Amino acid sequence: MQRSISHQNSLTPLLYAALFVIYTALSGIYLFLPPLFALLYLLFSKALKQEDVVLLFLVSACLLFFEAQNSYMLFSTIIYFALIHKYVIPKIKQNFNCDVCINLSIVILVYVGFFLFCSLLSNIFMLPMPSINYYVLYYMAIEFFILSLI
């Protein structure tokens, strides 16, 4: 699905973003659907590495929709993803050689690390502490399986 012969950029990222918005709304209703938070991190990281502004904008819009759906602070996911992409993930990739270990650490960092980051923000801004439930373990297992397939 392309726009014209002179402009060869595909419209598929826009289609994926629209499908993700629908999927996020469904995952808010049906708790057995994982929020695909780690997959969004991988897309965010890919957009930063390739310096793809369109993909970065679409992933950021999906992250903002995710924040609004789950009532997180505005831009907290984008800031957290930028911090771990810049400082934490390069150290993990430097220390581990296996892709399975890197994917597992990414999933753990995205879910547990974001919870700790939100806890830090709630302490700084004197907001109520976020809560975590046992569905997160299920989401982490599903997303680890998805990242292993990619």
Side-chain angles (χ1 to χ4, degrees), residues 1-28 33-125 127 130 132 135-150:
M1 187 163 59
Q2 294 181 348
R3 286 184 258 186
S4 69
I5 293 174
S6 62
H7 197 274
Q8 293 294 323
N9 288 340
S10 177
L11 291 176
T12 54
L14 186 61
L15 178 66
Y16 289 150
L19 289 175
F20 179 78
V21 167
I22 294 168
Y23 179 81
T24 303
L26 288 175
S27 70
L33 294 174
L36 299 180
F37 200 42
L39 187 65
L40 279 178
Y41 170 74
L42 283 181
L43 290 174
F44 185 82
S45 176
K46 179 182 173 184
L48 285 177
K49 284 179 189 172
Q50 294 177 350
E51 297 178 0
D52 188 0
V53 177
V54 175
L55 182 61
L56 185 63
F57 177 75
L58 288 174
V59 171
S60 298
C62 290
L63 286 171
L64 290 176
F65 187 77
F66 175 79
E67 290 173 356
Q69 179 78 20
N70 297 313
S71 43
Y72 292 123
M73 291 182 67
L74 187 63
F75 299 116
S76 61
T77 56
I78 297 171
I79 292 169
Y80 178 70
F81 281 0
L83 287 174
I84 66 170
H85 174 75
K86 177 75 174 170
Y87 297 110
V88 179
I89 298 298
K91 294 291 181 185
I92 290 173
K93 288 185 177 179
Q94 180 181 1
N95 291 329
F96 294 116
N97 290 331
C98 67
D99 291 333
V100 174
C101 301
I102 292 172
N103 287 340
L104 181 64
S105 62
I106 285 173
V107 169
I108 291 172
L109 265 176
V110 165
Y111 278 99
V112 177
F114 184 68
F115 171 74
L116 295 174
F117 182 72
C118 285
S119 298
L120 176 72
L121 288 179
S122 66
N123 282 334
I124 291 172
F125 295 117
L127 296 171
I132 194 166
Y135 282 112
V136 174
L137 296 174
Y138 166 73
Y139 296 156
M140 289 170 61
I142 296 295
E143 291 212 33
F144 174 67
F145 179 69
I146 291 172
L147 289 184
S148 297
L149 294 176
I150 294 178

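The residues of the chain are indexed from 1 along the displayed sequence. On a predicted model such as this, the values are computed, not experimentally measured, just so you know.
Separating the CG atom in Asp99 from the CG atom in Leu104 is a distance of 12.5 Å, to the nearest 0.5 Å. The OG atom of Ser105 lies 14.5 Å from the NZ atom of Lys91; values are rounded to the nearest 0.5 Å. To the nearest 0.5 Å, the span separating CZ on Phe65 from CG on Asn70 amounts to 9.5 Å. To the nearest 0.5 angstrom, Ile79 atom CD1 is 7.5 Å from Leu121 atom CG. Note: Leu109 CG to Ile102 CD1 = 12.0 Å, rounded to the nearest 0.5 Å. Expressed to the nearest 0.5 Å, how far CG of Leu43 lies from CG of Leu36 amounts to 9.5 Å.
Heavy atoms of other residues, nucleotides or ligands lying less than 6.0 angstrom from CD of Gln94 number more than 12. With a 6.0 Å radius and a threshold of 12 heavy atoms from other residues, nucleotides or ligands, Tyr138 has its OH atom above the threshold. By the 6.0 Å contact criterion, CZ on Phe96 is open, its count of non-hydrogen atoms from other residues, nucleotides or ligands being 12 or less. With a 6.0 Å radius and a threshold of 12 heavy atoms from other residues, nucleotides or ligands, Asn97 has its CG atom at or below the threshold.
Closest of all the heavy-atom pairs between Pro35 and Phe66 is CB-CE1, 3.5 Å. Considering every non-hydrogen atom in both Leu33 and Tyr139, the closest pair reads O-CE2, 3.7 Å. Pairing each heavy atom of Lys49 with each of Lys93, the nearest pair is NZ-NZ, 3.0 Å. In terms of heavy-atom proximity, Leu147 sits nearest to Asn103 at O-ND2, 3.5 Å. Smallest separation of non-hydrogen atoms from Tyr41 and Ile106: CD2-CG2, 3.8 Å. A pairwise comparison of heavy atoms in Pro90 and Ile84 identifies CD-O, 4.1 Å as the closest pair.
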Problem set entry | Verdict with supporting geometry, Leu48 and Lys86, side-chain contact (heavy atoms from CB on, under 4.5 Å) | CA-CA 10 Å; Leu48 285 177; Lys86 177 75 174 170; over 6 Å; no

For this session: Show your working on side-chain contact (heavy atoms from CB on, under 4.5 Å) between Ile146 and Ile142 and close with a plain yes or no.
Result: CA-CA 6 Å; Ile146 291 172; Ile142 296 295; 4.0 Å; yes

Problem set entry | Steps toward side-chain contact (heavy atoms from CB on, under 4.5 Å) verdict (Ser60, Phe75) | CA-CA 9 Å; Ser60 298; Phe75 299 116; over 6 Å; no

Problem set entry | Stepwise side-chain contact (heavy atoms from CB on, under 4.5 Å) check, Ile78 with Leu64 | CA-CA 8 Å; Ile78 297 171; Leu64 290 176; 4.1 Å; yes

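Side chains of Asp52 and Lys46 form no contact here, defined as non-hydrogen atoms less than 4.5 Å apart. Phe117 is not listed as a side-chain neighbour of Thr77, based on a closest heavy-atom distance of 4.5 Å or more. At least one side-chain heavy atom of Leu127 sits under 4.5 Å from a side-chain heavy atom of Met73. Counting heavy atoms from C-beta outward, Val54 and Leu58 have side chains that approach closer than 4.5 Å. With contacts defined as side-chain heavy-atom distances shorter than 4.5 Å, the pair Leu63/Leu40 qualifies.
Looking only at distances, no side-chain donor or acceptor of Tyr135 sits under 3.5 Å from a matching main-chain atom of Pro34. A donor-acceptor distance shorter than 3.5 angstrom exists from the side chain of Glu143 to the backbone of Phe37, with no hydrogens or angles considered. A side-chain donor-acceptor contact under 3.5 Å links Ser148 to the backbone of Phe144. A donor-acceptor contact shorter than 3.5 Å is absent between the side chain of Ser45 and the backbone of Leu42.
Between Phe81 and Phe44, the ring planes lie tilted relative to each other; the angle falls in the 30° to 60° range.
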